[in-house]
Amino acid sequence: MNPREPHYPLWELLVPPGAYAKPERRAVAAAGARLRFDDGSEVLDATSGLWNVNLGYGNTAIADAVDRAMREASYLTLFRYSHTYALEAARALTEAAGPAVFRRVIFSTSGSSANDLVMKVARHHALLTGEPQRRLIVGFKGSYHGLTYGAFSLSGEELGQQLYGVDTRLVRHVDAGRPEDLERLMRREGHRVAAVVCEPVFGSGAHELPRTTLEALLELRREYGFLLVADEVATGYGRTGPLFASSAWAQAPDLMVTSKGLTNGTCAASAVLASHAVCDAFERADALLVHGETQAGTPPTCAAILATLAQFTELSALESGARVARALDALLAELVAELPSVTAVTGRGCFRGIQLAEPDGTPYSAERVQQAIAAIRGHGTLAHPGPGSVQLVPPLTLTDEEAHELGTAVHKGLVEAR
Ligand code: PLP
């Protein structure tokens, strides 16, 4: 142990050794799309933090709003009374997401806890609508919904079960690329399904939910009456183009899970939006959803939500995101044309995956992906590792010059890492 690195063993406990670059340098400041380290060096952050700083770092309007709320009402709970910050944030969120679809907002503190919450809402809704047999939650293989027990069980990988024994008895996973599997599952167990949860664009690899699967899902929903849940934790707040990706679906979801871009990374927050039909079921029965968290929906957090939404308008962030997306289109088309290692580009908007393969067609291993990430990092840009891919998830507010800089770094890095 290096005595000058007191946090080093803690870091090793927090992340699997070797999974990330060792923290030789520490980030000390962040502004716009740039991070600064303690040795004075800077990088362009094409990962928007953890895909949450959609409007760039250091937004002063959001900082001021949080600061004001912190001084005016540092803490108020939603348990004993309501408060204007929460009411205003909930109103602004439903307005932004579509008041014809959504009526209520349930605040939580992370994407994971919000997904746990929707699993409860879906089962509670089944009880309230006289269908207590609906206890199954269906997700997709390769999906990511978080790492708490509930959300980990819903995430479409086996690690949670293998390592921590998360209980998947009431969860089913289907292959997103095979709508026929979803149909087969529904024919077998559709009457027991409370909800299907899906990401419009899968975080791992930035793969889109295939159109045929979405169509099958919407058709099956009509037939089997399960709740449709859009996990927009990653795709929400302009990440893929529109404010919410599921707004482009032919049917609106019953529940929409949002987090990440909700406060632009300033406060730990998530918000689940519930449709009129779901709210009706709870209100008719005068039912109390057994959920609450001490730190959910506090005044500073709600002030951050309100200010973030206002900044989307103020900064024309969706238009700006569309400009960045066009720059990424051009860059990615160039990479596909020039580099045989780039087999496909996936995703949409400011949420892209560069799929990489060896000359024999084998997708890049995790180690090879890390080499590519390191090479890009060597040219001053931080990219995100995905399965067999490098992901670009830049802020929507990236300037043209920064988009160009990102393009050059990715291009050079991928050439070097070939
Ligand atoms: N759902 C999706 C689609 C995500 O991308 C993530 C985080 O990456 C989560 C849920 C979990 O969110 P959190 O890390 O805030 O718990």
Side-chain angles (χ1 to χ4, degrees), residues 14-15 19-20 45-54 106-122 137-157 159-160 164 166 171 173 176 195-209 214 228-240 243-246 249 253 255-273 291 293 295-297 301 304-305 308 346-353 383-387 389 391-394:
L14 286 172
V15 299
Y20 299 97
D45 182 7
T47 67
S48 302
L50 266 179
W51 317 349
N52 52 343
V53 189
N54 293 8
I106 313 164
F107 291 112
S108 186
T109 46
S110 72
S112 302
S113 62
N115 276 311
D116 279 23
L117 170 60
V118 295
M119 292 171 82
K120 293 198 311 196
V121 173
I137 311 285
V138 175
F140 289 97
K141 289 180 182 163
S143 64
Y144 182 73
H145 300 289
L147 296 180
T148 49
Y149 258 67
F152 211 170
S153 73
L154 186 57
S155 295
E157 48 165 292
L159 202 61
Y164 306 120
V166 299
V171 177
H173 288 111
V196 177
V197 184
C198 60
E199 297 166 81
V201 177
F202 285 60
S204 27
H207 292 286
E208 302 221 20
L209 181 68
L214 177 61
L228 176 62
V229 183
D231 179 348
E232 293 241 22
V233 170
T235 52
Y237 305 102
R239 180 51 64 200
T240 70
L243 195 61
F244 298 106
S246 60
W249 291 356
L255 294 163
M256 187 163 78
V257 186
T258 79
S259 186
K260 292 202 187 280
L262 174 63
T263 63
N264 204 41
T266 56
C267 296
S270 53
V272 174
L273 285 90
H291 183 79
E293 291 166 63
Q295 288 300 133
T301 301
I305 293 171
T308 301
T346 52
R348 241 184 300 158
C350 293
F351 195 9
R352 303 297 180 101
H384 189 81
S389 60
Q391 292 180 222
L392 300 179
V393 198

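Counting starts at 1 for both ligands and their atoms, following the listed order.
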Query raised in the report: How about Lys260 and Leu50: do any of their side-chain heavy atoms sit closer than 4.5 Å?
Result: yes
Query raised in the report: Among all protein non-hydrogen atoms, which one is nearest to atom 15 (O) of ligand 1, and what is the separation to 0.1 Å?
Result: Gly111 N, 2.8 Å
Report summary line: shortest atom 1 (N) of ligand 1-to-protein heavy-atom contact is with Asp231 OD2, 2.8 Å
Query raised in the report: Taking C-beta and beyond as the side chain, do Pro253 and Glu232 meet within less than 4.5 Å on heavy atoms?
Result: no
Query raised in the report: Is it the side chain, the backbone, both or neither of Lys260 that has a heavy atom closer than 4.0 Å to ligand 1?
Result: side chain
Report summary line: Quick look: Asn115 vs ligand 1, heavy-atom contacts under 4.0 Å, and the answer is side chain
Report summary line: Minimal heavy-atom distance between Gly265 and Asn52, with the atoms involved, is CA-ND2, 3.6 Å
Requested in this report: Report the nearest protein non-hydrogen atom to atom 2 (C) of ligand 1: residue, atom name, distance rounded to 0.1 Å.
Outcome: Tyr144 O, 3.3 Å
Requested in this report: Give the numbers and elements of all ligand 1 atoms closer than 4.0 Å to a heavy atom of Ser110.
Outcome: 15 (O), 16 (O)
Report summary line: side chain to side chain donor-acceptor pair (under 3.5 Å) with Tyr237: of Thr263, Asn264, Thr258, only one passes, and it is Thr258
**Report entry** Residue and atom name of the nearest protein heavy atom (relative to atom 14 (O) of ligand 1), distance in Å to one decimal
**Finding:** Ser112 OG, 4.4 Å
Query raised in the report: Which pair of heavy atoms, one from Cys198 and one from Leu228, lies closest together, and at what distance?
Result: SG-CD1, 4.4 Å
Query raised in the report: Can you find a side-chain donor-acceptor pair between Ser108 and Glu293 that sits under 3.5 Å?
Result: yes
Report summary line: Of all protein heavy atoms, the one nearest atom 5 (O) of ligand 1 is Ala234 CB, 3.6 Å
Requested in this report: Report yes or no: does Gly146 have a heavy atom closer than 4.0 Å to ligand 1?
Outcome: yes
Query - Part of Glu199 within contact of ligand 1 (heavy atoms, under 4.0 Å) - result: side chain
Report task. Taking all non-hydrogen atoms of both residues into account, name the closest pair between Arg239 and Asn54 and its distance. Result -> NH2-OD1, 2.9 Å
